[in-house]
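Let me begin by presenting the structure, written as structure tokens, before commenting on it.
Keep in mind it's a predicted model, so treat the numbers as computed, not measured.
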Amino acid sequence: MIESISKEKCTGCKMCADVCPVDAIEYKTDEQGFWYPDVNYDKCIQCNKCLKVCPSLNMKQVTRGNQPKVYAVWSKDDENRITSTSGGVFYEIALQFIKRGGVVAGCAYSDDWKSAYHMLAHNEEELKKIKGSKYFQSNTEGIYKEIKKALEEEKKVLFCGTPCQNAALQMYLGKKAEKVYYMDFICRSINSPKAFKAYLDELENKYKSKITEVHLKDKTRGWQSLASKVSFANGKYSLEDKNTDWWVRGFIYNDLYTRESCYHCKYKVLPRIGADVTIGDFWGIKNQTTNDMFKGISVVLINNERGKEIFDMSSDAFEIQEKNIEDVLPGNKALLQNPEKTAKQKKFFKLLTKKPFSYCVKKCIKSSKIKKIYRRIRRNGGKIYRFLKNDNQISRLKFLFYNYMCKNVVREGKGKIIPYKNAIINLDKTAKIYIKGGDLEIGINKLKGSKAETHVRIEKNAVWEAKGGCNLFYNTVFEIKPNAKFVNGFFSANGGSVIIVEKKMTFGEDVMIGRNVIVYDSDFHKIKDKDGKCINQPKEVIIEDHVWLTSNICVLKGVTIGKDSLVTAQTLIRKDIPPKSIVSGGASGKVIGEASEWSRERIL
């Protein structure tokens, strides 16, 4: 029966209990506080309705329309905007829906503020209870029956919930219900009710008073502060932002309380599955006033004509800017990407059986370990601390993580990874970097104010054997593909250069790569003969000691460039170059002379 559903699939929507004709399904919570169905076989009549309507087992991934229309939106009512978690979009749409005779289903806090449930709002006073995001799992048992009853009374219903809750309602109703409008939101993941209760229990103990109100994403310090405000009966309150609030730090930065099914979510797609309209925070929005960034801005995705209908009926209440989906994605990765599971979640819940909430988060998040290492370095003094303190272009957290915490980086000498703030490093958990020589400086020489990034990606089972250091300038790309290997003495690569290793690549000592240089050891896509055999396998590239590739050069697979050589601009290298050669000639890449000496010294 339904109780056999795996944790990877069960979203905890609780719809199976509502659909059971004999009330044979109850719920049990696991050690992390998430509920899962449990069948009472003394009542069960083996009708299998619970299995037939479960969205995780049956629902086809049918989208609600084409690519969405995208808007940046905020309420013209400042009070509504400030008291909402983003720009006030949900409340304004829901208010107009109620004024037109409809009812709205959404998430409300329990009386003690430590849990949440879905309810139907019939008027403005009830609507205020479901205003604002809750950021942990809502109990939806019974809401499906309530909605069905409202439909039987010929009422229109606006349902707001996670994408999986929307899917559950659609499966429960079983047919196209014209009077139901579906609203979801950009969902990062569902958090544990047990963890949230532990968070508030600790605050009650600290302030020695009962909670009277909880406001997550409070805007006292602005929309982007991600602050949590908790008020108490004794008149006191706690107000902590994203840097100091333990709930936010454990959720946003480390995914410590995430439900198992969220790691395998099937609803993070475009076009959207199931929702007529999608709302969320417009993180990463550009060219807005300081005032608007303080008060909050919503993103609205209109997925179909029904979504347009409910958006248009409240549009007079909004300030609206038309945008593109490309404007949304950089700041809202959760729209398409699932969270990544780590062992820290298991550690967190094990600690939570014995320790306070803040202690458990502190012991599991990266930053606490990094700060401990940094304090130790500071206490002991020395060059490393002075180096980090004086150069504000270097990312301290990345420096400490990759050099002192990351098991994928093996330092066999004094060399270190020096990641500048514009360095984007993607290191697979099976990849290795062996630092045997000097420092690997990633992202150097960035113009102040520029956001030009340096990208380093080392994929599954790849190896970077750094016998010497390197200088990867701003706006360079360096990739080692799965199972490939890169070996180097000291080298530098200037802006716009791309080095991608599919099989093996070796750089000697003192290799200088100018701007917009491409070095490949593969064609990356197969060319087959008439028998279907691949005829363009990757071939190792070797660049020997003291080679200068000037600018706008392409080095192809299987090439060896001899030591002390110089390649002039706009040259294609597709065959071996003897030592001490000057190479030119565009696509022909001919040796035109002998190089006597070149130096890294600038011409003044």
Side-chain angles (χ1 to χ4, degrees), residues 420 422-424 440-447 450 452-458 464 466 468-481 484-524 538-593 595 598-603:
Y420 288 75
N422 59 314
I424 307 298
L440 307 181
E441 296 197 50
I442 302 172
I444 70 169
N445 207 31
K446 181 175 73 72
L447 183 67
S450 167
E453 297 171 342
T454 300
H455 294 178
V456 173
R457 178 162 58 186
I458 307 177
W464 182 359
C470 74
N471 290 339
L472 295 180
F473 283 63
Y474 67 93
N475 201 34
T476 58
V477 175
F478 175 62
E479 296 186 13
I480 309 177
K481 296 293 185 181
K485 184 174 184 179
F486 179 75
V487 181
N488 67 279
F490 176 78
F491 76 98
S492 61
N494 213 328
S497 291
V498 179
I499 302 168
I500 302 182
V501 187
E502 176 77 19
K503 181 181 179 181
K504 185 177 181 182
M505 194 177 294
T506 303
F507 286 4
E509 187 65 29
D510 195 22
V511 171
M512 186 163 72
I513 297 174
R515 295 178 184 273
N516 304 316
V517 173
I518 296 174
V519 186
Y520 289 165
D521 67 346
S522 174
D523 301 326
F524 300 108
K539 294 180 182 178
E540 181 180 359
V541 168
I542 300 173
I543 301 177
E544 296 181 349
D545 297 346
H546 197 61
V547 168
W548 179 10
L549 306 180
T550 56
S551 65
N552 296 290
I553 292 164
C554 184
V555 178
L556 299 183
K557 65 179 184 180
V559 164
T560 296
I561 301 178
K563 66 178 182 178
D564 299 323
S565 292
L566 182 155
V567 181
T568 64
Q570 306 289 347
T571 302
L572 175 66
I573 304 297
R574 53 184 179 178
K575 58 184 179 181
D576 291 349
I577 304 299
K580 293 185 178 295
S581 297
I582 297 177
V583 183
S584 184
S588 59
K590 295 179 180 179
V591 176
I592 61 170
W598 63 264
S599 171
R600 286 180 177 266
E601 291 179 303
R602 292 185 62 194
I603 301 171

Give, for atom CG of L472 and atom CD1 of I513, the distance between the pair rounded to the nearest 0.5 Å. 9.0 Å

Among residues at least two apart in sequence or on other chains, which ones pass ring pair (Phe, Tyr, Trp, His ring centres under 6.0 Å) with F478? W464, F486

When rounded to the nearest 0.5 Å, the distance separating CD1 of I542 from CG of D576 is 8.5 Å

What pair of heavy atoms forms the shortest contact from V517 to G514, and how long is it? CG2-O, 3.6 Å

Between P578 and S565 the two heavy atoms that sit nearest each other are O-OG, 3.1 Å

With sequence neighbours left out, what residues match Y520 under side chain to side chain donor-acceptor pair (under 3.5 Å)? none

Sequence-distant partners of K481, salt bridge (Lys or Arg N to Asp or Glu O under 4.0 Å), two or more places apart: E459, E479

Tightest non-hydrogen contact, residues G562 and E544, listed as CA-OE1, 3.3 Å

Can you measure from CD1 (I573) to CD1 (I518) and round to the nearest 0.5 angstrom? 13.0 Å

Step by step, would you call L549 with I561 a side-chain contact (heavy atoms from CB on, under 4.5 Å)? CA-CA 10 Å; L549 306 180; I561 301 178; 4.0 Å; yes

Tell me, please, which residues at least two apart from Q570 pass side chain to side chain donor-acceptor pair (under 3.5 Å). none

Find out whether F491 and I543 are in side-chain contact, i.e. whether some heavy atom of one side chain is under 4.5 Å from a heavy atom of the other. no

Sequence neighbours left out, what pairs pass ring pair (Phe, Tyr, Trp, His ring centres under 6.0 Å) with at least one residue falling in residues 548-585? W548-W598

Steps toward side-chain contact (heavy atoms from CB on, under 4.5 Å) verdict (Y420, T454): CA-CA 9 Å; Y420 288 75; T454 300; over 6 Å; no

Locate the shortest heavy-atom distance separating A452 from Y474; write the atom from each residue and the value. CB-CD1, 3.9 Å

Determine the minimum heavy-atom distance between G443 and N422, stating which atoms define it. O-OD1, 3.1 Å

Rounded at 0.5 Å granularity, tell me how far CG in N471 sits from CG in N445. 9.5 Å

Passing candidate, side-chain contact (heavy atoms from CB on, under 4.5 Å) with L572, options V583, N552, L556: L556

Once side-chain contact (heavy atoms from CB on, under 4.5 Å) is applied, do any residues pair with S584, and if so which ones, sequence neighbours excluded? T568, I592

Quick one: side-chain contact (heavy atoms from CB on, under 4.5 Å) partners of P579, sequence neighbours excluded? K563

Would you indicate whether the side-chain heavy atoms of C470 and L440 approach each other to under 4.5 Å? yes

Donor-acceptor contact below 3.5 Å, side chain D521 vs main chain E502: yes

Donor-acceptor pairs are to be reported for all side-chain atoms of residues 504-512 against protein atoms at under 3.5 Å, with residues two or more places apart or in another chain.
| unit_1 | atom_1 | unit_2 | atom_2 | d |
| --- | --- | --- | --- | --- |
| T506 | OG1 | E540 | OE2 | 3.3 |
| E509 | OE1 | F490 | N | 3.2 |
| D510 | OD1 | R600 | NE | 2.6 |
| D510 | OD1 | R600 | NH2 | 3.2 |
| D510 | OD2 | H546 | ND1 | 2.9 |

Mind checking what makes side chain to side chain donor-acceptor pair (under 3.5 Å) contact with T550, not counting sequence neighbours? none

Quick note, salt bridge (charged side-chain N to carboxylate O under 4.0 Å, His left out) partners involving residues 551-561, not counting sequence neighbours, are D523-K557

Nearest atoms (heavy-atom pairs only) where A484 meets V501: CB-O, 3.6 Å

